[in-house]
There are 2 protein chains.
Amino acid sequence: MHTAIAIDAFKPANRVPAQPRPQLRDVSLNAPGCARCPLRTLCLPAGLTDDEVNQLHDCVGSRRRVKRGEILWQSGDALHTLFAVRVGFLKSFMITRDGQVQVIRFQMSGEIVGMDAIATGRHNSTVVALEDTELCPIPLAELERVMDRVPGLQRQLFRIMSHEIVSKQDSMALLGTMRAEQRLASFLLRLSFLYQERGYSATEFVLRMTRQELGNYLGLKLETVSRLLSKLQQEGLIRVESKSVKLLDIPALRLLEAREALDA
Amino acid sequence: MHTAIAIDAFKPANRVPAQPRPQLRDVSLNAPGCARCPLRTLCLPAGLTDDEVNQLHDCVGSRRRVKRGEILWQSGDALHTLFAVRVGFLKSFMITRDGQVQVIRFQMSGEIVGMDAIATGRHNSTVVALEDTELCPIPLAELERVMDRVPGLQRQLFRIMSHEIVSKQDSMALLGTMRAEQRLASFLLRLSFLYQERGYSATEFVLRMTRQELGNYLGLKLETVSRLLSKLQQEGLIRVESKSVKLLDIPALRLLEAREALDA
DNA sequence: CGCACGTTTGAGCACCATCAACTATAGTGG
DNA sequence: CCACTATAGTTGATGGTGCTCAAACGTGCG
């Protein structure tokens, strides 16, 4: 039973219809390096000087593509390489001691994947692509070499890790204090923000994960997610059609997110 | 209402009877520096050479004492100084947008406090001492200066931050997948491990936090915590007397922790 | 002492999980 | 093109876990 569930988690989110994806800027073709990458304000280059960015770029390997459903690494694998997400969408999850799956986070473009493994040198979560994804590999050994020469890069990496801590604290607060409806509203608003930050529409986007994956991430059952999506639609706050979501009333969603929490 | 709750969170856990605390080694008197600190295997010096530890010690300020109930910093304060906990017990919590309190973590000796603030330069959680506590201040500016010269220290700081990420992932899994009884068992076992790691008894210790603080951390109400502690006592797994806990049947607690989780 | 607060315990109920049936859609192979 | 399968998603009925409200007790502190 538990093993079955665990195995489930490794399965890709199949049968996702190929969704049109709005194009912000040309990201996929012959970008000449980190310095000109449209994601440079979100990714590792953020806050670095041109010279520093060029040094960083020297340790970035050539683009790697993974197809939907492919596993980047599994929990327990040795850490060799961090990845910056260029285009695509990934999920990280861990298997708890009792065989439960916990989705830890979803990753999108500009984010760095693999930093939780620096402590032990081994990955403690499994990462799988939820859609065809393009990654910039950053071999750890090279990164460390460059970091010793480029203090700015070092600082930036600290910032990114610290940011990841903060973001997980927010997830803890979500799981610890919010009701189901709030959690979902909060998640949709966050996704909206992240898409906007990347130049996509803040109101219309595609949920790359299944209801089950989403529910797991939010500490809910897939049925609850489904029901609440329907409810939000009935109330006119969103429009859902399979994996496509349109936010119709963001202020109302914000109100929902903030209101009627459980008492502390 | 919400503000009242928020203010509650700032209050110290008063009325805790002064509990005898087993003494492992003399930690509080004239320790001659990080190199001889009994916590060096847990704290920043872990994995550094003697020379590197000495350089680290140069940037550690003189011991700071905070009394129970004192606030180290509040959410929003600028980050100047990280602290290593020498003796004592602290809690970190944040106030969510809707005024809810979320206890983020408890800190004990050997741990570094404040690293979630590196991303923004401002603390996003409030830290308060739950008992009289002694801290080693590490001014950030000095630390950065030393780090540039001591790559080993840099690596160690990365490891510590990565470890914090992993630990918060575990908390997410706890909140996302475990039932109330499991959460409590898991917490007690973890506390037991941490005390043991620091040379204290693994089976008898004092809960420095109130039931409410503990419940908040575990995503439960204080009544639920109280009830479950009573239940575990009735079943002979633990003995509770106000804040003192004795673990009587650790294997059974482990079983409880691992069993009958919610289905994924 | 009395007050404030922490804690325990009880009764009732709400929220969400569970179980179940059904539909929809993608992919496969005829 | 179709049926056929497998998986994702929706919706309903029901029940349990843990929250809510409430009352009582204990204990540290002014």
Side-chain angles (χ1 to χ4, degrees), chain A residues 1 4-5 7-19 68-69 100 130-131 175-184 206-216 218-234 240-245 260-264, chain B residues 1 4-5 7-19 68-69 100 130-131 175-184 206-216 218-234 240-245 260-264:
Chain A
M1 191 69 204
I5 291 166
I7 287 166
D8 264 2
F10 287 92
K11 289 197 194 167
N14 281 328
R15 323 293 165 96
V16 181
Q19 300 276 359
R68 185 180 70 216
Q100 300 291 108
L130 296 187
E131 64 174 343
L175 292 169
T177 72
M178 288 184 174
R179 326 200 138 210
E181 206 173 15
Q182 286 182 286
R183 294 185 200 184
L184 188 58
V206 175
L207 301 174
R208 296 288 160 182
M209 73 294 294
T210 67
R211 302 286 191 265
Q212 179 168 31
E213 289 163 333
L214 177 49
N216 184 295
L218 297 177
L220 302 171
K221 299 284 113 176
L222 68 100
E223 296 95 327
T224 305
V225 172
S226 179
R227 255 183 263 275
L228 289 177
L229 284 172
S230 301
K231 183 167 178 250
L232 291 182
Q233 173 160 258
Q234 276 184 344
V240 197
E241 188 175 343
S242 87
K243 291 201 180 307
S244 305
V245 177
E260 61 163 340
L262 297 99
D263 289 324
Chain B
M1 192 66 202
I5 291 166
I7 285 166
D8 264 2
F10 286 91
K11 290 196 195 167
N14 281 328
R15 325 291 164 94
V16 181
Q19 301 275 358
R68 185 179 70 216
Q100 301 290 108
L130 296 187
E131 65 175 342
L175 292 170
T177 72
M178 288 186 175
R179 324 197 142 214
E181 205 172 15
Q182 286 182 285
R183 295 184 199 184
L184 188 57
V206 175
L207 300 174
R208 296 288 160 182
M209 73 294 295
T210 66
R211 302 285 190 267
Q212 180 168 31
E213 289 164 333
L214 177 49
N216 185 296
L218 297 176
L220 303 171
K221 300 282 112 176
L222 68 101
E223 297 95 328
T224 305
V225 172
S226 178
R227 256 183 263 273
L228 289 176
L229 284 172
S230 301
K231 182 164 179 253
L232 291 182
Q233 173 159 258
Q234 276 184 347
V240 197
E241 189 176 345
S242 85
K243 291 202 179 303
S244 304
V245 177
E260 61 163 339
L262 297 98
D263 288 324

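To find a chain, count down the sequence lines: A is the first, B the second, and so on, and within it residues start at 1. Because the structure is a prediction, the values reported are computed rather than measured.
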query = Applying the salt bridge (Lys or Arg N to Asp or Glu O under 4.0 Å) test to A:Glu131, which of A:Arg68, A:Lys243, A:Arg208 qualifies?
reply = A:Arg208
ask   = With a non-hydrogen cut-off below 4.0 angstrom, is B:Gly215 in contact with a base, only sugar-phosphate, or nothing?
value = nothing
query = Any donor-acceptor pair under 3.5 Å joining the side chain of B:Arg227 to the base of D:dT20?
reply = yes
inquiry  = At less than 3.5 Å, do the side-chain atoms of A:Glu181 and the base atoms of C:dC15 form a donor-acceptor pair?
reply    = no
ask   = Rounding to a whole Å, what distance do you find between A:Gln212:CD and D:dG9:C1'?
value = 11 Å
note = Sorted by position of nearest nucleotide on DNA chain D, 5' first, the leading residue of A:Ser230 and B:Thr224 is A:Ser230
remark   = Whole-Å distance, B:Asn216 CG to D:dG18 P, equals 17 Å
query = Which heavy atom of B:Arg183 sits nearest a heavy atom of B:Leu218, and at what distance?
reply = NH1-O, 2.8 Å
remark   = Per atom distances to the A:Leu220 side chain, the nearest of D:dT11, D:dA8, C:dA17 is C:dA17
task = Look at the side chain of A:Ser226 and the backbone N and O of A:Leu222, then say whether any donor-acceptor pair between them is shorter than 3.5 Å.
result = no
query = What distance separates B:Arg227 CZ from B:Leu184 CG, expressed to the nearest 0.5 Å?
reply = 13.5 Å
task = Examine C:dT9: is either OP1 or OP2 under 4.0 Å from a nitrogen or oxygen in the side chain of B:Arg211? Give yes or no.
result = no
task = Answer yes or no: is there a donor N or O on one side and an acceptor on the other, between the side chain of A:Lys221 and the main chain of A:Gly215, under 3.5 Å?
result = no
Whole-Å gap separating C1' (C:dG6) and CG (B:Leu207) = 13 Å
message = Over all strands shown, is A:Leu229 touching base, sugar-phosphate only, or nothing at heavy-atom distances under 4.0 angstrom?
response = nothing
request  = Measure from the side-chain heavy atoms of A:Arg179 and tell me the nearest of C:dA17, C:dT9, C:dC15.
outcome  = C:dC15
task = Return the value, rounded to whole Å, for the distance between atom CG of A:Leu222 and atom P of C:dT18.
result = 10 Å
request  = In whole angstrom, give the distance that lies between atom CD of B:Glu223 and atom P of C:dG10.
outcome  = 14 Å
request  = Report the distance from atom CG of A:Leu184 to atom C1' of C:dC15, rounded to the nearest whole Å.
outcome  = 15 Å
task = Return the value, rounded to whole Å, for the distance between atom NZ of A:Lys221 and atom P of D:dT17.
result = 14 Å
key: Interatomic distance where CD belongs to A:Gln233 and P belongs to D:dT11 [whole Å]   = 9 Å
